[in-house]
Novice: 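This structure is in structure tokens; I'll ask about it shortly.
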Amino acid sequence: MSEQELKALRVRIDSLDEKVLELISERARCAQEVARVKMASLAEGEVPVFYRPEREAQVLKRVMERNQGPLGNEEMARLFREIMSSCLALEQPLKVAYLGPEGTFTQAAAMKHFGHAVISKPMAAIDEVFREVAAGAVNFGVVPVENSTEGAVNHTLDSFLEHDMVICGEVELRIHHHLLVGENTKTDSISRIYSHAQSLAQCRKWLDAHYPNVERVAVSSNAEAAKRVKGEWNSAAIAGDMAAGLYGLTRLAEKIEDRPDNSTRFLMIGSQEVPPTGDDKTSIIVSMSNKPGALHELLVPFHDNGIDLTRIETRPSRSGKWTYVFFIDFVGHHRDPLVKSVLEKISQEAVALKVLGSYPKAVL
Ligand SMILES: C=C(O[C@@H]1C=C(C(=O)O)C=C[C@H]1O)C(=O)O
């Protein structure tokens with residue numbers, strides 16, 4: 001390519017950037033107008049709701065449907081995700097608590113869902129995220145709920161039994177683990193590998209093959225593991241990209257998870273009910289009396305009405321030994337007439353039924 005051709009293309013890019021800049025600014029001014037309208041239409045004592053997940057899901061879907069390339073749909077949606085995040089921040093910056101410390105996959109999930117223009121607050125434990133949201137110190141919380149290799153995150157499920165929380169969104173994240181070392185580490189004398197118990201489990205086979213005799217130490221998070229090895233000479237950590245970057249660690253081995261499709265699903269928790277988008281999921285908790293056929297009775301109404309169950313999980317209930325609660329996710333919104341009638345049928349048989357929330361299916 002000649003110098004002249006390159007120059008001409010760059011002139012074109014500069015002129016396109018000017019247009020993109022002007023359009024983004026116009027969009028941001030529109031969002032400010034939206035905020036003004038939201039404020040003006042409040043009833044007395046009503047609190048304004050600036051963040052509208054159902055609308056955001058719609059915007060992202062529209063972008064993906066209309067995108068003609070060459071950028072891929074996910075990439076384009078990711079760019080719009082950030083534009084919306086900044087526009088919303090002009091209305092009101094969201095405060096989001098997540099399972100920390102900084103550098104966790106939960107932080108990456110929070111950024112993927114809300115974009116980067118939020119005020120984010122790392123918490124030391126899942127229960128603390130719930131408490132921070134319940135106390136109203138933040139608008140939303142982000143917690144992991146299930147992993148495709150290791151299954152349910154029980155701390156999260158149990159926290160739903162203790163707190164009244166509304167689920168307002170979900171996000172899925174591909175989880176890639178790396179074996180990380182600090183600059184002081186002597187790689188031939190690693191005697192300890194730190195990580196979160198879930199991550200150690202997700203890399204069990206790889207560890208058995210490569211470091212069979214090295215002690216595996218479970219710590220509170222992958223980011224905490226990364227932080228520890230920074231100063232140690234005989235240890236390594238298993239953690240992801242964010243933690244590696246944050247603590248300046250070197251990748252001794254990359255993508256060491258046993259299953260290449262290893263993914264984690266995260267939930268956004270808050271107090272805001274989300275209206276239907278037409279492509280939603282609902283999460284409920286049900287406790288049934290301890291009699292034969294109880295689970296069957298619970299599932300029949302879903303089957304009879306053709307409602308697609310996406311997940312069912314059992315946890316010991318807090319109210320008695322050998323009694324259980326079921327966490328169920330299904331496709332649909334609790335305001336859909338069909339879903340309403342199924343929930344009514346179930347509540348006639350159940351000891352207790354709680355709708356944790358209906359929310360748009362993950363777009364990204
Ligand atoms: C602009 C709005 O407010 C927020 C910002 C949005 C955006 O930038 O598109 C979408 C939904 C809301 O979270 C709106 O409600 O339409």
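We count ligands from 1, going down the list as the structure has it; atoms in each ligand are counted the same way.
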Novice: Who are the side-chain contact (heavy atoms from CB on, under 4.5 Å) partners of V63, not counting sequence neighbours?
Specialist: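 Expected list: M76, F80.
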Novice: Name all residues meeting the salt bridge (Lys or Arg N to Asp or Glu O under 4.0 Å) criterion together with D158; count only those two or more places apart in sequence or in a different chain, and write none if there are none.
Specialist: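 With sequence neighbours excluded, D158 shows a salt bridge (Lys or Arg N to Asp or Glu O under 4.0 Å) to R315, R318, given in chain and number order.
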Novice: Write down, by chain and number, every protein residue that brings a non-hydrogen atom to less than 4.0 Å from an atom of ligand 1.
Specialist: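 Close residues (ligand 1, cut-off 4.0 Å): R27, V34, K38, F50, Y51, R52, R55, E56, M84, C87, L88, E91.
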Novice: Less than 4.0 angstrom from a charged side-chain N to a carboxylate O is my criterion; do E254 and R251 meet it?
Specialist: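 Salt bridge present between E254 and R251.
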Novice: Check whether L94 and Y98 end up in the same hydrophobic cluster, where Ile, Leu, Val, Met, Phe, Trp and Tyr are linked by side-chain heavy atoms less than 4.5 Å apart.
Specialist: yes
Novice: Evaluate the side-chain proximity of V129 to K121: yes if any heavy-atom separation is below 4.5 Å, no if none is.
Specialist: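 The answer is no, as the side chains (C-beta and beyond) never meet within the 4.5 Å cut-off.
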Novice: The criterion is side-chain contact (heavy atoms from CB on, under 4.5 Å); which residues satisfy it with H163, sequence neighbours excluded?
Specialist: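 Only D127, F130, R131, A134, S159, M165 meet the side-chain contact (heavy atoms from CB on, under 4.5 Å) criterion with H163.
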